[in-house]
Each structure stands twice: as C-alpha cells, then as structure tokens.
Colleague: 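Have a look at this one before I ask anything.
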Amino acid sequence: MEDARGRVTKDGIRIYEQADFEGMHAAGLAAARILDEVADLVAPGVTTGVLDDFIRGRVNELGTVSATIGYRGYKHASCISVNHVVCHGIPGDKVLKDGDILNIDVTVILDGWYGDSSRMYVAGNLSRKAERLIQVTHDSLMIGIEQVRPGNTFGDIGHAIQAFVEGHRMSVVRDFCGHGLGRVFHAPPNVLHYGRKGSGPVLEEGMFFTIEPMVNLGRPETKVLADDWTAVTRDKSLSAQFEHSVGVTADGCEIFTLSPANRFHPTWA
Ligand code: MF3
Ligand code: CO
Ligand code: CO
C-alpha cells in the first residue's frame, strides 16, 4: 500500500525512511533526558505530583510538547505507577515512602516525532524482592530488543520476553502492550510481551515501535480503578515496567530512548 508519506504493510504498519530515524532519535533523547533528570527528585516524602510538575516544566524547557496532556482526557505530563500499580498511574497527592518502587512514563513530541519511554525508580532503600523484579523486567526488555531485526516476527519478541520472565517465576501482563509510533502516539501493531515464536507480523527495516513489558511478582491479571486510568495487579503483587522506543535497521535495531547519562536502571550511575 502507498500513501502520501510512503508505505504501509498489509498489517497496517508504517515503514519510515532513513531520514526519519533522526527525528525519532531527537524526540527519544528528550524523553530520556527528562527521565534521567527526574531521578534526582525521587525520594521518600516526595509526592508523585511534584515529580509530574518537574517533568511538565522540563518538557516545555526542552522545546517539546507532552503527548499525554490532552490524550483521551489525560491531564498529566507523565504516568507514575507505584508498587502494585501496573501502568497509567495518575500523579497527584500520593507521598512516596521508603522502599516504594515506581515507574515513570514520559512521552514527548519534537518536530512531530514521538519519543516514549519509561523506567523504574526507587524511593529510599530497595528491598531484595523488588530488586529482583526490577532486574528481571529490565532484562526482559533488553532480551526482547535483541530479537528486533528484519525477518524476525513480533511473536519472536513476545516469546523471548515471556520465556525469560516465566523462567524467573514471574508473570507477564497481557492486558497492555507496546505499540507502533512515529508521527503518531499509538499505531499498529500491538506489540505483545508474550507469544509464540514465528507468530505475528514480520519485522521490516523502517518500522518504529515500543517494547514495554509489565512484569508482576504474582499473577498477571490486572484491573482498572474507578478513575478509568490506574491499572493495578488484581492480587496486589508488585509490578514493574521498562519501555524503549526502537527502530528496525537493516541488520538489527536502534534504540531511540537510550539514557544519555546511563541512568536507565535505578541502580546504575
Ligand atoms: N506512555 C504510555 C505508553 O507507553 C501511554 C500513556 S497514555 C496516558 O503507551 F494518557 F495515560 F498518559
Ligand atoms: Co508506549
Ligand atoms: Co510510555
């Protein structure tokens, strides 16, 4: 299929051009910088609303636009998901306490390109079980990214993540997935974090998408709270998530949202 801006596959996945990688790198870098900077504010006693205020300010100062403010009525520059919150936690009055783990998810728009990334943070001291969960979740994302190359399928990505996570006796959330992005926030395909080898669309050079596995210490089931956003584990077990935006190259992939300060993982730098 052809349209004004190039090719779309039979699965509805847009194929971007070589030059488009630059726009995605710039947008991804802005998101990553903000996620680097907010790390210095995370501490017991701080509210998630204060973290979001900081993020909102930095989004503006970097000349970017928040993709989440105004998205389906969402009003914040980030999602902040604490402990058993799986994703889409709404920043507000919640005060962080020692040992809390949290995911902060930021999406910015720069020159029309979307940069979407999230990572884990710790307020104060990290418990052993939370440390294990965060490590497995981080590693599952990177193992998924290792599968990104032309000729592999989206099922190969999901399978690699699921096999790794379940091998550590943790569970992969099924109710939320990664997504195509580029000049839009959420586009085909749905990037599942579970699946069978060889299933799903075949990866092609020029595809841009996120991988963002959510991993629970307990069971995979989630429910959405009455605010219509906050997703929590049904069994109240701890949950973690990491997200990168990536682009498929001729022989692998580029990660658009790499941390410039090497702070992607909470125990680094
Ligand atoms: N950034 C999230 C994602 O990874 C989406 C957040 S939408 C919001 O796709 F409205 F909840 F902010
Ligand atoms: Co995303
Ligand atoms: Co995100």
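Order of listing sets the numbers, starting from 1, for every ligand and every atom in it.
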Colleague: Sequence neighbours excluded, which residues qualify as side chain to side chain donor-acceptor pair (under 3.5 Å) partners of Glu61?
Modeller: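 Scan of Glu61 (side chain to side chain donor-acceptor pair (under 3.5 Å), adjacent residues dropped) gives Arg58.
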Colleague: Return yes if some donor-acceptor pair links the side-chain N/O of Asp156 with the main-chain N/O of Gln147 below 3.5 Å, else return no.
Modeller: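 Side chain of Asp156 to backbone of Gln147: no pair is present.
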Colleague: Does Glu212 offer a backbone N or O that forms a donor-acceptor pair with the side chain of Thr210 under 3.5 Å?
Modeller: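 No, Thr210 side chain to Glu212 backbone: no donor-acceptor pair under 3.5 Å.
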Colleague: Using only atom types and a distance under 3.5 Å, with no angle test, would you say the side chain of Arg149 pairs donor to acceptor with the backbone of Asp251?
Modeller: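 No.
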Colleague: Run through the side-chain heavy atoms of Ile, Leu, Val, Met, Phe, Trp and Tyr, join any pair under 4.5 Å, and report what else lands in Ile80's cluster.
Modeller: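 Other cluster members: Ile34, Leu35, Val38, Leu41, Val42, Val46, Val50, Leu51, Phe54, Ile55, Val59, Leu62, Val82, Leu96, Leu102, Ile104, Val106, Val108, Tyr121.
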Colleague: Tell me if a side-chain donor or acceptor on Tyr71 pairs with a main-chain N or O of Lys75 at a distance below 3.5 Å.
Modeller: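 Side chain of Tyr71 to backbone of Lys75: no pair is present.
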Colleague: Scan Phe208, Phe209, Phe264 and name whichever one has a ring pair (Phe, Tyr, Trp, His ring centres under 6.0 Å) with His244.
Modeller: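 Of the listed options, the one satisfying the test is Phe264.
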Colleague: With hydrogens left out, which residues have an atom under 4.0 Å from ligand 1, given that only heavy atoms count?
Modeller: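 Close residues (ligand 1, cut-off 4.0 Å): Thr68, Tyr71, Tyr74, Cys79, His88, Asp105, Thr107, Asp116, His179, Phe185, His186, Glu212, Trp229, Glu243.
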Colleague: Taking the side chain from Asp235 and the backbone from Ser237, do they hold a donor-acceptor pair closer than 3.5 Å?
Modeller: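 Judged by distance alone, yes, a pair lies under 3.5 Å.
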Colleague: Could you tell me whether a side-chain N or O of Asp105 sits under 3.5 Å from a main-chain N or O of Cys79, the two making a donor and an acceptor?
Modeller: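 Not confirmed, Asp105 side chain does not pair with Cys79 backbone.
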Colleague: Would you say His186 has an N, O or S atom lying under 2.8 Å from the Co ion (ligand 2)?
Modeller: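 His186 does not place any N, O or S atom closer than 2.8 Å to the Co ion (ligand 2).
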Colleague: Just to be sure I understand the site: which N, O or S atoms from the protein are less than 2.8 Å away from the Co ion (ligand 3)?
Modeller: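 Those protein N, O or S atoms (cut-off: under 2.8 Å from the Co ion (ligand 3)) are Asp105 OD1, Asp105 OD2, Asp116 OD1, Glu243 OE1.
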Colleague: Assign the ring pair Phe242 / His265 to parallel, tilted or perpendicular, where the plane angle (0 to 90°) is split at 30° and 60°.
Modeller: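 If you compare the ring of Phe242 with that of His265, the planes turn out parallel.
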